[in-house]
Each structure stands twice: as C-alpha cells, then as structure tokens.
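Down below is the structure, laid out as structure tokens.
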4 protein chains.
Amino acid sequence: MSAIKLGIIGFGRIGKVHYENIKNNPAYDVTFICDINQEACSKESLPSSIDFVNDYTRVLSSDRVEAIMICTPTDLHPEIITAAAKAKKNIFCEKPIGFNMDEIMQAYTAVKENDVIFQLGFNRRFDEDFLAIHQTLKKVGDPHILKITSRDPEAPSMEYVKSSGGLFMDMAIHDFDMARYMMGEVTEVFVQGDALVNPDVANYNDIDTAIISLKFKNKALGVIDNSRQAVYGYDQRLEVFGNKGMLANANHTIANTVYSSDEGVVSEKPQYFFLERYQQSYATEMNYFANSIINGIPVACTIEDGIMAVKIAIAAKESFETGKPVAVYADLI
Amino acid sequence: MSAIKLGIIGFGRIGKVHYENIKNNPAYDVTFICDINQEACSKESLPSSIDFVNDYTRVLSSDRVEAIMICTPTDLHPEIITAAAKAKKNIFCEKPIGFNMDEIMQAYTAVKENDVIFQLGFNRRFDEDFLAIHQTLKKVGDPHILKITSRDPEAPSMEYVKSSGGLFMDMAIHDFDMARYMMGEVTEVFVQGDALVNPDVANYNDIDTAIISLKFKNKALGVIDNSRQAVYGYDQRLEVFGNKGMLANANHTIANTVYSSDEGVVSEKPQYFFLERYQQSYATEMNYFANSIINGIPVACTIEDGIMAVKIAIAAKESFETGKPVAVYADLI
Amino acid sequence: MSAIKLGIIGFGRIGKVHYENIKNNPAYDVTFICDINQEACSKESLPSSIDFVNDYTRVLSSDRVEAIMICTPTDLHPEIITAAAKAKKNIFCEKPIGFNMDEIMQAYTAVKENDVIFQLGFNRRFDEDFLAIHQTLKKVGDPHILKITSRDPEAPSMEYVKSSGGLFMDMAIHDFDMARYMMGEVTEVFVQGDALVNPDVANYNDIDTAIISLKFKNKALGVIDNSRQAVYGYDQRLEVFGNKGMLANANHTIANTVYSSDEGVVSEKPQYFFLERYQQSYATEMNYFANSIINGIPVACTIEDGIMAVKIAIAAKESFETGKPVAVYADLI
Amino acid sequence: MSAIKLGIIGFGRIGKVHYENIKNNPAYDVTFICDINQEACSKESLPSSIDFVNDYTRVLSSDRVEAIMICTPTDLHPEIITAAAKAKKNIFCEKPIGFNMDEIMQAYTAVKENDVIFQLGFNRRFDEDFLAIHQTLKKVGDPHILKITSRDPEAPSMEYVKSSGGLFMDMAIHDFDMARYMMGEVTEVFVQGDALVNPDVANYNDIDTAIISLKFKNKALGVIDNSRQAVYGYDQRLEVFGNKGMLANANHTIANTVYSSDEGVVSEKPQYFFLERYQQSYATEMNYFANSIINGIPVACTIEDGIMAVKIAIAAKESFETGKPVAVYADLI
C-alpha cells in the first residue's frame with residue numbers, strides 16, 4: 001500500500017503545522033506545496049521531491065496528487081474545494097469551510113457529485129480529552145446540559161480581527177462544532193456579547209466576549225462562553241451533564257508541578273495556546289483522513305459538519321445583532 | 001452588653017436549622033418560638049425559658065422580643081415583615097422575601113418607615129468560598145464573565161414543586177442573589193429551560209433544568225446553569241473571569257480521600273445538599289445580623305437585595321414563557 | 001439517661017479546646033475544672049454549676065464526678081491516671097500517656113485492676129479523612145507501604161522544646177499511633193534526623209526534621225517524615241498502598257477557591273495548624289468516649305495504644321542516638 | 001553544520017525507542033545499527049543508508065561513526081564503553097553504567113584518558129516535571145526533605161528478575177540518580193525491603209518493595225519508596241521540601257477527564273509505564289547529547305553520575321543484606 005500523494009495549498013502558519021506533522025507520517029507523501037507568496041518557504045528547506053508552486057490549479061491538474069489539504073484564507077476555501085472535487089481529488093480543508101453560504105453550497109454540490117472524500121479540520125474532535133468524553137458519553141445517561149469554556153490567551157491584532165470573519169466564524173466556530181459533536185443538532189442560539197477586552201473591536205462590528213446559549217434537538221441545553229483574552233492561558237474546558245452523571249475535562253499544563261509556600265499553593269498555567277494544547281490533535285486528524293482514504297472508514301468530520309457549524313455561526317451573529325434568539329435548522333440550505 | 005432577644009416564627013426544617021445554630025450563640029437569647037403546627041416541637045425539648053406559641057402576633061407584641069426570624073412559608077413573609085416592622089422589631093427573613101411584588105413593596109415601606117434592621121437570608125453570601133471570592137474580586141480586574149453552576153442532588157417531590165414558586169423563585173433565586181453579590185445589578189435575563197429530569201414538573205408550569213444568561217450593568221456577562229438533580233451530589237461552583245484573571249471555587253467533600261485502583265482514581269462526591277454544604281454559612285449570617293443590631297455595621301444582605309432577586313426571578317419566568325430576553329431595572333417597583 | 005459528670009484536670013490550651021467542644025455536648029455535664037494556676041480561667045466566665053479547684057484530688061474524691069479528662073503536662077499523666085483509676089473514675093487522657101515506662105506501667109496496672117474505662121487522646125483517629133481510610137482499608141488489599149507526612153507550620157519556642165519530651169514523644173507520637181491504627185504493630189524503627197529548621201534545638205538533644213522508617217508485623221513497610229516548620233501550613237497526609245490499590249488523603253483548606261492569573265494557578269494553603277485542621281476530631285473523640293461509657297462500645301483508642309506509641313517513640317529515640325535500627329516488641333513492658 | 005554520525009549498539013526495546021526518536025532528529029545521522037541477534041530488525045525496514053551489523057567492533061572502527069549509543073544488556077556496557085573511548089567515539093550509554101565496579105572504573109579511565117564526550121541515559125532528568133523542579137529548586141530555600149515515590153505498574157517476569165541486577169540496580173537506580181540530581185551527594189543509605197508483591201523474587205535474592213532512607217551531604221534527608229506493582233499505573237512522584245516551601249509533581253494521565261456519578265468522582269489512572277510517561281524525555285536527552293557534542297555545553301548526565309548511582313545501589317544492597325545503614329562516599333572508587 002503506497003502513501004497518499006498530497007498537495008498542500010496555502011503554506012502559512014497552519015499549513016506549516018500540518019506539514020511538520022505529516023512529513024514523517026508514512027501514510028503521506030507530500031508532492032506539492034502551493035502558496036501565492038513566493039517567500040512562504042525557501043525552496044531549499046523542502047525536500048527536492050516536493051514541487052513548490054504558486055498556482056493551485058497546477059496542484060489540481062497533477063497526477064502526482066491524490067488528495068489536497070486546503071490551508072488558505074477562508075474566503076478561498078469554497079472555490080478551491082469546488083475545483084478540487086471536479087479534479088477528483090480527496091480534500092482535507094481547514095476550518096471554517098467558508099464565509100458565504102451560496103459559495104459553500106456550490107462546493108458541497110461539487111464534493112457530492114464527484115464523490116470525493118472530504119474532511120473538515122475541526123481538530124479538537126481528535127484531542128485526547130474530547131475523544132475520551134465522546135467515546136464515553138453514554139455514562140452521563142440522557143444529556144441535559146453542555147458547557148463549553150473556550151478562551152484564547154491573547155487577543156488578536158486589529159489587522160487579524162478585520163478579516164477574521166468575526167468571533168463567531170473565527171473562534172466560536174470550533175465550539176459550535178464541538179457542541180454538535182457531543183450533542184447533535186442545534187435548534188436555537190442566543191447570544192449576549194460585547195467588546196470588553198478591547199473596545200476597538202467594536203469598530204469592526206465584532207466582539208471579544210460572549211455567552212452563547214444553545215438548544216439542541218435532543219432537548220439538552222447548552223452554553224458556550226468565549227473570551228479573546230484569558231491572561232492565565234488557553235482555557236479549554238467542556239462538561240456534559242446528564243441524568244446519570246457528568247463528564248468534564250480540565251486544562252493541560254506543560255509540567256504537573258506544584259509549589260507550596262507561605263503565599264499559597266501554585267500550579268502551572270494552562271498550555272499557552274492552540275498550537276501547544278492541540279498539537280497532537282492535528283497529527284491525529286490526519287491519521288483519520290488517511291484511514292478514510294485508504295481503508296474507507298467513515299469520515300470523522302464531514303462537509304455537513306463544516307456547513308452546520310457555519311450555519312450556527314451565522315445564526316449567532318444574527319442573534320447578537322437583533323438581541324433575540326434565532327432558530328437553526330438542520331437541513332442544508 | 002446583653003444578648004438579642006429573638007423570636008423565631010416558623011419552626012419547620014429551616015427554622016430548626018437556625019435554632020440549632022443560635023441556641024449556643026451568646027449573641028442571641030431565643031425567647032419565643034412560634035408555629036401554627038402544635039407538633040412542630042415538643043415543648044419539653046425546649047428550655048423552659050422559651051415560650052412556644054402558635055400565633056405570631058404574640059411574638060410581635062412581647063417586650064421580651066427585640067428581633068424576629070421569619071422561617072414560615074414564603075407567601076406569609078411580606079405580611080409578617082410588615083407587622084414586625086410596625087412593631088419595631090428587627091427582622092431576619094428567610095429567602096425569598098415573597099412571591100408578590102405588591103405585598104413585598106408594602107413590607108419594604110414598613111421596614112423603611114419604621115427604620116428597623118432587616119437582613120435577608122441569602123446564606124450563600126456567608127459561605128467561606130464565596131466570601132473569599134467576594135473579598136478578593138479585585139484580583140480579576142474588570143469582570144467580564146460570571147458563571148454559576150447550581151445543581152441540587154435530588155429532585156423535590158411534586159408536592160413541594162406545586163407550592164415552591166417554581167425553579168426561578170425557589171432555587172435559582174439563590175443564584176440571582178449570588179450574581180448580584182459578585183457583579184452588581186442585572187439588566188437583562190434570558191432563559192432556556194425544560195423539564196428534563198422529570199417531565200411531570202411541566203404539569204405545574206415548572207421546569208427542572210435551565211441555562212440562564214445575564215447581562216450586568218457593569219457590562220459583564222453571566223450565565224447560571226441549574227438542574228434539580230445531579231446524581232453525584234450538590235454542585236455549587238462559581239467562577240468570575242476578568243481582564244486580570246479568574247477566581248473560582250470547587251465543590252466540598254466530607255473527607256479529602258482518594259482511592260487509586262486499576263479502575264481509576266476515585267475522589268469523594270460533593271457534600272450531599274445545602275444543609276451539609278452550607279452549614280457554616282447559616283451560623284455566620286446570624287453573626288452578621290447580630291453585628292448589625294449590636295454594633296451598627298451595615299446589613300450584609302439587605303431588603304433591597306431580597307427585592308432585586310425576586311425581580312430577576314420574575315423576569316426569568318417571563319423570559320422562559322415568552323422565549324425572549326427580558327430587561328431588568330434596578331429601581332425598586 | 002443522664003449526662004456523664006466530668007471533671008477536667010488541667011485547663012491550658014488543650015483543656016480549653018475540649019471544654020468548648022463538650023460544654024454543648026448533651027452527653028457531658030462538666031462538674032469540675034482543676035488547674036494549679038488560679039488564673040487558668042476567671043471563675044466568672046464559667047457557669048456556676050462548675051467547681052473550679054486547684055487540687056486534682058478534690059476532683060477525684062467527689063461523687064459529682066464519674067469521669068475525668070487529663071489535660072495536664074505529660075509528666076503528671078501516670079500519677080493522675082493511677083489515682084483516678086483507684087478512685088474508680090473513667091479516664092480520658094491526652095497524649096502521650098507519659099514519658100517514663102515504669103510510671104506508665106503502674107498507671108496501666110491501676111486501670112486494669114480497677115476496671116475503669118480509659119481512652120487516650122489520639123484525636124487524629126477520629127478525623128473524617130483517617131476514619132474514611134481506616135474504614136475502607138480492605139480496598140488496598142494486602143498493605144505493602146504506609147506513608148505519613150506530618151509537618152507543623154511553625155517551630156515551637158525553645159521554652160516549649162525544653163520540656164516537650166522531644167520530637168518523637170511530642171510530635172511523631174501522633175504518627176506512630178496513626179501508623180499502628182492503619183497497619184497494626186510495629187516491629188522495627190530506624191531514624192534519620194537533624195536540626196535543620198533551627199540548629200538550636202540540638203542544644204536540647206532534640207531534632208526538628210526526621211525520616212522514620214518502620215517495619216510492621218503484617219510485613220508492610222512504612223515511613224514517616226516530620227518537620228517542625230512547613231511554611232505553607234500544617235501538612236497532614238497519609239497514603240496506604242497495597243496489592244489492590246492506594247488510599248490517600250490531601251490537606252484541607254478553609255475555602256476551596258483558586259485564582260488563575262498570568263503568574264500561575266493559586267490554591268489556598270492548608271489549614272494553619274491542628275486546632276483548625278483537627279477541630280472536628282476533638283469533638284468526635286469525646287462522642288466515642290461517651291459511647292463507651294454509656295453504651296459499652298469498645299474503646300476506640302485504648303491504654304495499650306497509648307503505651308505502644310510511647311514504646312515506638314522510645315525506640316525511635318534510641319535509633320536516632322545509635323544510628324541503628326531498633327526492634328520494637330508488641331508485648332507491654 | 002552536519003549531523004552527528006551515530007552507531008546504535010544493541011537494538012532491543014530501548015534501542016528501538018531511541019532510534020524512533022532520533023531518526024527524525026536533524027542533529028543525528030544514524031549510520032550503523034548493531035545487534036548480535038540477526039532478527040533484531042529486518043534490514044528492509046531500515047533505510048539503506050544504515051549498515052546493520054552484528055559485531056560492535058565494526059561500528060567502532062568505522063570512520064562513518066562519530067558517536068555511539070549503547071543499548072546492550074548492562075553487563076556489556078563497561079567493555080563497550082572502554083573500546084569506544086579508545087576508538088575516540090563519543091558515547092551515550094543506557095543505565096546503569098555497569099554492575100561491576102572494577103569494570104566500570106576501567107571504562108571510566110578510558111573515557112577520561114581519551115577525552116570523549118560521555119552521557120549516561122538517566123532520562124528522567126530530562127522530563128518536563130523534573131526539569132521544572134530542578135530549575136526552580138531555589139524556591140524551597142534550604143532543602144530539608146526529599147521524597148521520591150517510584151512504582152512500576154506491573155512486576156517483571158522471573159526471567160527478567162533473574163538477570164536484572166536486582167531492584168536496586170535495575171529500578172531504584174533511576175531514583176538514586178534523581179535524588180543526586182536534586183540534592184547532590186548521598187552519604188548514607190538504609191533499606192527496609194521485602195518480596196511482598198511476589199514472594200518468588202526472594203528465590204533470586206531480590207525484593208520488590210522497599211523503603212530507602214537517604215542522608216545527603218547538604219544535610220537534607222531523603223526517602224524513596226519502590227514497588228514493582230502499582231495496579232493503578234506507573235507512579236512517579238517527587239517532592240522537595242525546604243525552609244521556604246515545597247516543590248512537588250503529580251502523575252500524568254493520557255486525558256484530563258473526570259467522571260462524576262453517584263459512585264464518586266473518577267479521574268484517569270496515571271500513564272501506564274515508562275515508555276508512555278517518559279516518552280518525551282528520551283527525545284530530550286538526545287538533544288542534550290547533541291548539544292554537548294556540537295556546541296560543547298557541559299554534559300547533563302555525566303559518567304560520574306552513572307558511577308555514583310551504582311555506588312548507592314551497591315550500598316543499598318549491602319544495607320538490605322546487613323540490616324544496617326551503610327555509608328556512601330562521593331569519591332570515585
């Protein structure tokens with residue numbers, strides 16, 4: 001069985017994270033890296049077996065490519081998905097799947113019509129904690145309450161905020177997917193949000209702090225709390241509560257050391273940010289993708305998952321803007 | 001300095017809890033106990049210095065009473081407060097202050113006009129954890145997010161549900177007060193709730209599971225999650241998150257023991273319920289009340305606190321019934 | 001059933017602790033308090049029903065006394081026990097039972113010959129943590145290792161050190177009893193110790209830091225580590241390890257609060273010292289004593305327990321002085 | 001700067017662990033793998049750039065080798081070290097350095113005379129927890145007490161026990177090194193040990209459970225407790241206590257999840273064994289070794305460290321056999 005010939009499209013921060021993980025993964029053979037920025041990498045630092053190009057159509061038209069990984073800015077995702085599906089390439093796409101529902105549905109149609117394998121990059125599904133909770137969900141019995149705390153350690157630059165798609169599409173989208181991963185479909189979303197970390201984000205019609213209430217089709221209730229700045233580090237907690245008990249996780253630290261002195265008992269802060277906290281999950285999701293291509297196991301994070309998360313993000317934005325709860329429907333359109 | 005001569009009106013479960021706490025408290029001299037139920041206590045089990053009566057007006061008219069403690073069913077609170085204030089007795093009243101805003105405001109007027117000391121029994125304010133968080137709130141900087149988890153270990157009987165005033169007035173009211181204690185005035189409340197533990201409570205127009213979103217005047221956002229049944233025990237957690245950090249507490253156990261075996265690492269469940277978990281707080285709040293009477297320190301939980309919690313409970317109910325967020329105003333009426 | 005008429009002999013710190021606990025315990029009626037120091041308490045602060053005397057023989061000769069509690073300096077314990085036993089009074093005696101084995105054995109003989117009930121004050125046996133571990137010891141299977149960490153928060157004054165009997169007799173004696181409580185008889189003790197907190201204690205032939213290795217008759221091995229000064233507070237941990245698992249406890253704090261900031265995650269220090277940490281155990285042990293007197297349940301901490309702890313303390317001292325392991329024999333003499 | 005050409009001698013379990021770590025480490029270029037067992041690896045599974053041989057002298061005589069890694073059975077270590085040093089190869093050697101002091105000292109002389117770089121494989125020094133504690137040791141002030149708990153999850157086979165060198169040389173040797181790493185030289189060791197997990201190990205003059213007391217030159221006291229079988233998993237804890245506080249670590253788990261039910265609050269067991277728990281440390285120690293060769297930084301775990309650990313192990317064995325404390329001297333020989 002030979003390695004999957006993979007082309008990486010987009011070679012910024014997250015593209016490089018993926019490359020580092022898969023370059024030593026025997027399931028993959030990276031054949032192309034594409035970035036419009038010629039300086040994205042010095043050709044010399046890559047093995048000569050990899051073609052470095054700046055036009056993604058060259059990746060799609062090569063017969064040295066069986067699958068692609070999309071790591072470009074979000075607004076390009078649907079167009080590249082559509083083209084890749086038509087070129088019969090299997091697709092791994094970073095989150096979110098897109099900003100615009102019309103474009104996203106075009107991409108969806110192309111994926112379905114061409115019957116390619118598509119996995120979306122909601123990497124947290126592949127984290128040891130969340131995998132463990134997901135696999136033992138039955139232990140809580142009928143789920144009643146889902147709580148997700150998701151706080152970044154440091155607010156992004158205004159430059160980033162401008163083109164991020166906003167807190168719901170950029171940050172909370174992970175939590176929307178996690179909520180669906182644990183509970184299934186969302187039926188209603190209500191948001192209270194504000195620019196409390198940095199009032200300037202309001203200039204971009206964005207917020208940095210939110211409490212997002214959710215209703216699920218399974219009747220459970222949920223709440224996500226988001227902040228762009230937790231000074232103690234990346235705060236990633238989840239708890240599922242039901243009639244038979246509660247499953248929850250705790251933050252991770254680099255070392256498990258504790259210092260006791262006359263001033264208190266001091267433990268380590270959580271790991272700094274997503275690259276540290278979710279390092280392993282990025283590698284694991286690529287194993288799942290390979291497993292779907294090679295062994296035909298069902299995709300662990302589907303295109304539908306990608307679309308539903310965007311639909312919740314859009315509803316969340318509407319709720320924030322109107323001050324009212326907004327219904328979410330599980331059918332794609 | 002002599003002990004405060006105290007009459008207890010209502011001698012059910014909570015009345016007895018208070019009596020056990022204060023009978024050995026040198027600040028108090030219990031002179032009267034009143035209950036309409038002649039069997040509420042066998043006279044013989046009380047010291048002969050205590051008069052046991054079944055008409056509260058006899059307590060109020062006695063000059064052997066300087067202060068009263070109201071532990072009757074809630075619907076009687078306003079009437080007794082009003083009468084006690086007119087009789088110039090200082091008043092400690094169990095939560096909630098009442099169900100009906102008109103009656104409550106009459107009681108309020110009586111208290112103000114007669115200038116008696118009034119403390120409401122939101123005992124959790126006096127718990128070591130919440131006192132410690134309240135006293136060090138500055139450490140979180142500007143508060144951004146408040147989270148309260150408040151789950152009972154066991155659902156009450158339908159008999160209780162019927163006359164409880166409902167989840168908001170009976171159970172969440174403690175959390176509404178705790179939210180105000182930590183953050184100040186609430187300006188908006190939104191509720192998602194359901195009868196998930198026992199669908200029968202819906203027959204009484206009640207729920208047993210809720211996610212309650214709050215906005216505060218100080219711009220912070222908040223969320224309370226309630227359940228009538230946490231099988232692992234009384235779950236009482238709070239966290240305040242701000243631009244300088246987070247303060248949180250954890251549940252309490254009877255013993256701090258841990259068992260490690262091939263099946264996992266097992267710690268104790270939280271203490272069973274409020275009588276265990278908040279035992280000390282009931283004693284502490286009575287020390288504060290005595291301190292206000294004897295030394296004139298400001299009341300730690302005022303009549304206004306009692307009224308505002310009811311206003312939030314009423315708004316929560318409206319939000320649940322209409323499915324919309326409801327504004328809350330900080331002015332009384 | 002009437003309350004036990006009790007005389008307290010010795011009214012220093014620990015005598016007062018006991019008095020505060022039992023004055024509201026319906027099982028006891030304190031009839032005498034005895035202290036050679038006339039100022040040990042102002043007579044006025046005690047109820048008139050208590051006789052305050054300065055000669056303990058007056059307590060022993062009174063028919064208003066059924067049981068006595070011995071809270072004097074240790075060197076007086078055996079003499080008072082002997083006299084009390086002869087006077088047919090039941091006896092609760094603070095730890096240690098004595099310094100001198102001949103005197104102790106005289107007291108032992110008197111207790112046995114006069115068939116009075118005798119309980120020794122190793123209060124830690126009655127702490128919630130240690131009770132819980134003791135009651136579930138079977139969970140560890142065959143016990144292999146016992147570890148006790150026992151560190152005081154603050155070194156005592158030189159004045160105290162001088163007459164304390166030394167670290168083994170004054171401080172580690174609690175741990176020797178705890179070791180026996182969990183594991184049964186000790187057969188060998190080996191000590192490495194030093195004056196590391198304050199070299200001055202060496203002037204009194206004492207140490208303030210020790211690692212004490214133990215062998216038990218049940219073949220388990222044990223270790224106690226002691227320090228007179230843990231700047232983070234009273235450190236009281238125990239772990240029992242066996243072929244089926246491990247039982248352990250953790251320190252207790254006043255509040256269960258945690259502060260997370262950019263400097264770390266800070267929990268509370270352990271409770272300050274024994275009066276805080278073991279408060280409840282002092283009350284509980286007196287309930288057990290009453291239960292033995294009134295209901296004839298076996299004594300929970302016997303005179304033999306008191307003697308064996310002293311024998312281990314003497315062996316520990318010998319080990320420290322000789323630098324060699326010392327055998328301990330379970331037969332009394 | 002070019003990669004270090006490395007020959008691996010001994011390709012059993014630990015040799016393979018190291019190979020997996022360094023095959024993707026740019027600091028190393030593995031040129032030779034040597035094992036007497038022809039089946040140690042199928043040649044095909046190795047890159048063609050690696051020579052697979054079964055005679056270590058072929059590795060030592062090759063100019064395609066700058067450094068060697070010794071992963072053979074312990075009894076061969078000194079001979080290979082000696083030969084490698086004479087061949088001017090830098091040496092990384094697995095623990096322990098040897099069983100026999102004469103042979104070890106010959107190896108030592110060869111290393112010194114030939115001035116090669118030598119690092120011993122006490123990998124735990126490079127674990128995140130122990131690195132963190134070591135780097136912040138000053139926080140405890142003057143160290144008074146060191147405690148190490150080191151328990152394997154599962155007892156080894158009798159086959160293994162037979163040739164293991166015994167508990168002190170095979171298992172506790174890691175703890176002896178850790179003790180020295182934290183506290184410096186040991187001056188006395190006293191052992192209480194037994195075959196409690198499996199009495200059969202006594203047939204091989206070995207034990208499986210031990211309490212090892214230590215004295216250090218810096219006056220601190222220490223204790224190690226070992227068991228060959230902790231049913232809850234690999235137990236690896238350390239605590240350093242001093243006049244300014246305590247540093248400690250806790251066990252690591254795969255996921256940080258907790259399940260609360262009516263039966264208790266269940267956390268995960270510790271990671272299973274050393275390959276899981278110390279995975280990262282094996283990679284890190286090889287970075288240090290490379291750093292010493294390439295950049296001349298002082299070796300992080302020296303040949304003297306290897307020798308002193310063996311000397312303590314020998315003293316421990318003597319103490320166990322004689323039942324007496326045994327002095328340890330810091331000078332080599």
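In what follows, every heavy atom counts, from backbone to side chain, and hydrogens, waters and symmetry copies are set aside. Here is how names work: the chains are called A, B, and so on, in the same order as the sequence lines, proteins then strands, and each is numbered from 1.
Not a single donor-acceptor pair under 3.5 Å links the side chain of C:Glu321 to the backbone N or O of C:Glu318.
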task: Take D:Arg228 and D:Asp170 through the salt bridge (Lys or Arg N to Asp or Glu O under 4.0 Å) test and state the conclusion after the steps.
output: CA-CA 11 Å; D:Arg228 283 286 196 183; D:Asp170 177 54; 3.0 Å; yes
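Note that C:Arg151 lies in the cation-pi zone of D:Phe241, set by a 6.0 Å cut-off to the ring centre and a 45° limit from the axis.
Between D:Ile173 and D:Met169 the shortest heavy-atom distance is CG2-O, 3.1 Å. What you find for D:Ala316 and D:Val191 is that their closest heavy atoms are O-CG2, 3.5 Å.
Of the two parts of D:Lys147, only the side chain, counted from C-beta on, holds a non-hydrogen atom closer than 4.5 Å to a non-hydrogen atom of chain C. Contacts between D:Ile211 and chain C at a heavy-atom distance below 4.5 Å involve backbone atoms as well as side-chain atoms. Looking at D:Asp235, only its side chain comes within 4.5 Å of chain C, counting heavy atoms on both sides. With a threshold of 4.5 angstrom between heavy atoms, D:Asp208 does not approach chain C through any atom at all.
Ranked by heavy-atom pairs shorter than 4.5 Å toward chain C, the options D:Asp142, D:Asp194, D:Ile212 are led by D:Asp194. Of the residues considered (C:Met246, C:Glu188, C:Lys324), C:Met246 shows the highest number of contacts with chain D, using heavy-atom pairs under 4.5 Å. Note on D:Gln229, D:Lys244, D:Glu239: by heavy-atom pairs under 4.5 Å with chain C, the leading option is D:Glu239. For the set D:Val197, D:Leu214, D:Thr149, the count of heavy-atom pairs under 4.5 angstrom toward chain C peaks at D:Leu214.
When the shell of 6.0 Å around CD1 of C:Ile314 is examined, it contains more than 12 heavy atoms from other residues, nucleotides or ligands.
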